[in-house]
**Student:** 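Sharing a structure, written as structure tokens. Questions coming.
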Amino acid sequence: MATEPSSPTATRHHSVDIQTVLVDDTNNQTKRNKRMNNNNNNNQMKPRVVGGGIGGGERRPLASKTFNRQVSLESGVTVLGSGEGSTALPRSGLSLGVAVPRKGDFSIFRTKPTLSKQNSLLPSRELDPHHLNGFSGALRQEDPVTTNVPAGRYFAALRGPELDEVRDSEDILLPKDEKWPFLLRFPIGCFGICLGLGSQAILWGAISSSPALSFLHVTPIINLVLWVIALTVLVFVATTYSLKCVFYFEAIKREYYHPVRVNFFFAPWIACMFLAIGLPPAFAPARLNPAVWCAFVIPVFALELKIYGQWLSGGKRRLCKVANPSSHLSVVGNFVGAILAAKVGWLEAGKFMWAVGLAHYLCVFVTLYQRLPTYEALPKELHPAYSMFVATPSAASIAWKAIYGEFDAVATTFFFIALFLYISLIVRIEFFRGFKFSVAWWSYTFPMTTASLASIRYAEEVPCFFSKGLALSLSLMSSTMVTVLFVSTLLHAFVWQSLFPNDLAIAITKDKNNGPKAHGKGKKSSKKAYDIKRWAKQSPFSLVSSIKKTSSADKDSDGNLNS
């Protein structure tokens with residue numbers, strides 16, 4: 001039985017009263033209207049007869065609570081009330097179960113996103129443990145943040161040179177028109193800057209000490225300056241990303257499941273190995289301490305066990321589903337680790353890393369080259385990442401030279417493979433046109449630098465006009481690209497302040513909500529639970545529990561009447 005709610009807005013606005021009507025023990029409409037008129041006169045709830053028989057039975061008041069919702073026709077304010085109290089809700093559509101992003105709330109990507117703090121502030125007398133456990137379990141099951149996003153979903157929802165832009169037809173979990181916190185906008189792709197600068201330090205160290213390019217008379221000071229800059233940038237990027245791991249660990253997990261960014265988790269350790277290899281001669285000992293190799297290679301090897309295991313096991317993230325040009329980055333770490341092993345004197349460890357890298361390079365190369373119809377289609381926007389094809393064979397040739405001490409037929413073969421891929425990319429300049437600047441472009445610099453280093457080693461083994469001219473040309477192209485990107489990065493960071501836009505790639509939903517209508521009851525129920533969760537995050541949880549109890553009471557009443 002429903003009572004007419006009293007609301008503060010009733011004296012100033014015209015409101016439409018939408019009430020929850022309790023079903024009586026008789027379905028006669030005339031009797032219901034009569035009881036409603038009596039309630040208006042007496043302002044009391046009429047007792048109901050419990051039990052059968054005429055004149056028999058015990059009379060007691062109905063104990064169920066009712067909810068009343070009033071929608072003001074003038075102000076558009078929705079009022080929820082129970083009995084004497086009422087609660088005004090903003091006109092956001094959330095009271096009707098519509099999923100609307102919450103402005104300024106980024107807690108869903110924090111390290112420990114739970115509803116426990118939100119629920120602890122609510123009165124415990126309104127919570128039904130039976131309904132609460134079931135409902136909260138459903139919310140945890142359909143959590144759009146902690147649930148793993150399939151690899152194919154990233155390819156379908158994102159675009160851009162590093163799959164970092166959301167397509168227009170997609171919806172995200174965070175507001176697009178609001179600037180996010182800095183740590184949440186700081187992607188792991190920033191370690192590409194460290195890769196570009198660290199490899200440049202190695203390049204200029206090789207130019208200054210190589211007999212094939214001694215006619216240039218390059219001073220070792222350039223190597224020292226670049227090494228210091230690379231070290232400074234690496235410390236800044238590593239510190240910032242460590243803070244992101246502390247405060248926004250859920251965002252880190254989203255990046256880990258990203259098919260492109262997962263490969264950049266190798267970048268911090270590869271950048272550290274670059275700095276160890278390119279250490280200026282003034283500070284470099286005759287042989288590095290093996291602890292340096294262990295500190296940088298063990299994390300890479302642990303990541304390889306995880307990533308390569310997924311490729312091998314044939315799960316949802318098998319190689320044919322996630323393969324993209326940036327997958328070469330996970331293979332390059334093996335060859336760079338082999339070079340560092342030669343620096344510390346562990347040649348057998350270097351041979352082991354080189355063999356592991358070769359096996360998986362062949363798998364990645366063939367997978368990307370074939371592009372079978374059953375594989376995920378490689379988006380056009382990923383074409384600039386094809387420069388990664390050059391890095392792996394170039395690093396393999398340099399590693400072979402470092403381990404065996406000569407640039408023999410094996411090293412020459414890998415260098416020629418890299419040279420052919422380099423030329424095939426240069427003649428397809430349209431692959432690199434039409435994309436705006438971003439931090440991701442730094443990841444395309446170290447493949448050029450690695451090819452330059454391989455050409456210098458080849459010129460030392462085969463000294464001639466062609467080899468020296470090739471080494472000089474590739475080195476100038478690489479240094480020019482790094483210089484342009486470095487200046488562009490400084491301008492975007494300090495002048496235009498547009499270096500770190502909102503990282504929309506980590507905020508996509510598991511299922512497409514704005515596309516065509518999903519077929520089947522499973523998808524519809526999933527979307528319904530998702531909408532309920534979004535509403536529950538902004539509405540008092542006690543209201544949700546009470547609504548469920550009232551609905552259950554109504555259904556039970558209907559069942560008793562029908563029986």
Side-chain angles (χ1 to χ4, degrees), residues 155 160-163 189 192 195-196 199 203 259-264 266-267 270 274 304 307-308 311 319-336 338-339 354 356-372 375-400 410-433 435 440-455 457-458 470 473-474 477-478 481-482 485:
F155 286 107
E162 288 290 348
L163 291 183
L195 294 177
S199 59
L203 175 63
V260 173
R261 297 191 184 183
V262 64
N263 301 295
F264 281 89
F266 294 89
I270 297 176
F274 278 165
E304 289 176 350
I307 302 300
Y308 295 168
W311 295 357
L319 183 59
C320 63
K321 289 290 185 180
V322 300
N324 59 86
S326 65
S327 301
H328 287 285
L329 191 59
S330 61
V331 181
V332 169
N334 293 282
F335 297 120
V336 179
I339 298 173
W354 196 93
V356 173
L358 174 63
H360 291 88
Y361 167 66
L362 295 177
C363 296
V364 173
F365 183 78
V366 172
T367 302
L368 292 175
Y369 223 88
Q370 283 185 310
R371 307 307 306 172
L372 296 179
Y375 296 167
E376 294 288 341
L378 191 66
K380 174 182 178 299
E381 293 82 0
L382 272 179
H383 286 171
Y386 272 101
S387 60
M388 292 286 188
F389 275 90
V390 182
T392 309
S394 301
S397 63
I398 299 173
W400 186 274
V410 176
T412 303
T413 300
F414 279 97
F415 170 66
F416 285 163
I417 294 174
L419 184 62
F420 171 78
L421 295 173
Y422 202 136
I423 297 174
S424 65
L425 291 176
I426 292 177
V427 299
R428 290 171 175 81
I429 194 64
E430 67 274 5
F431 272 20
F432 304 90
R433 295 169 56 184
F435 305 104
W441 282 89
W442 274 96
S443 59
Y444 314 140
T445 58
F446 89 93
M448 301 174 64
T449 306
T450 308
S452 304
L453 285 168
S455 64
R457 302 306 180 198
Y458 177 75
L470 179 63
S473 301
L474 295 181
M477 290 175 58
S478 174
M481 178 62 71
V482 170
L485 290 180

**Student:** Walk me through whether Y308 and V331 qualify under side-chain contact (heavy atoms from CB on, under 4.5 Å).
**Tutor:** CA-CA 10 Å; Y308 295 168; V331 181; 3.9 Å; yes
**Student:** Among F414, W354, Y458, F415, whose ring-ring contact (aromatic ring centres under 6.0 Å, His included) with W400 holds?
**Tutor:** W354
**Student:** Run the side-chain contact (heavy atoms from CB on, under 4.5 Å) check on F266 and L195 step by step: do they pass?
**Tutor:** CA-CA 11 Å; F266 294 89; L195 294 177; over 6 Å; no
**Student:** Which value, rounded to the nearest 0.5 Å, describes the distance between M448 atom CE and I426 atom CD1?
**Tutor:**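 CD1 of I426 is found 7.5 Å from CE of M448.
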**Student:** Could you measure the distance from the OG atom of S452 to the CG atom of L470? Nearest 0.5 Å is fine.
**Tutor:** 8.5 Å
**Student:** Under 4.5 Å between any side-chain heavy atoms of V332 and F446, yes or no?
**Tutor:**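 With C-beta onward as the side chain, the pair touches.
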**Student:** Side-chain contact, heavy-atom cut-off 4.5 Å: V262 with V322?
**Tutor:**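 They are not in contact (no side-chain heavy atoms under 4.5 Å apart), so the answer is no.
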**Student:** How far apart are the closest heavy atoms of A411 and S397, and which atoms are they?
**Tutor:** O-CB, 3.2 Å
**Student:** Could you walk me through whether V364 and T392 pass the side-chain contact (heavy atoms from CB on, under 4.5 Å) check?
**Tutor:** CA-CA 10 Å; V364 173; T392 309; over 6 Å; no
**Student:** Looking at CD1 of I339 and CG of N334, how far apart are the two atoms once the value is rounded to the nearest 0.5 Å?
**Tutor:** 11.5 Å
**Student:** According to the interplanar angle, ranging from 0 to 90°, do the rings of H360 and W311 count as parallel (below 30°), tilted (30 to 60°) or perpendicular (above 60°)?
**Tutor:**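 Aromatic pair H360/W311 classed tilted.
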**Student:** Name the orientation class of the two ring planes belonging to Y361 and F365 (parallel below 30°, tilted from 30 to 60°, perpendicular beyond 60°).
**Tutor:** tilted
**Student:** Test side-chain contact (heavy atoms from CB on, under 4.5 Å) on N263 and M388; report intermediate values, then the result.
**Tutor:** CA-CA 12 Å; N263 301 295; M388 292 286 188; over 6 Å; no
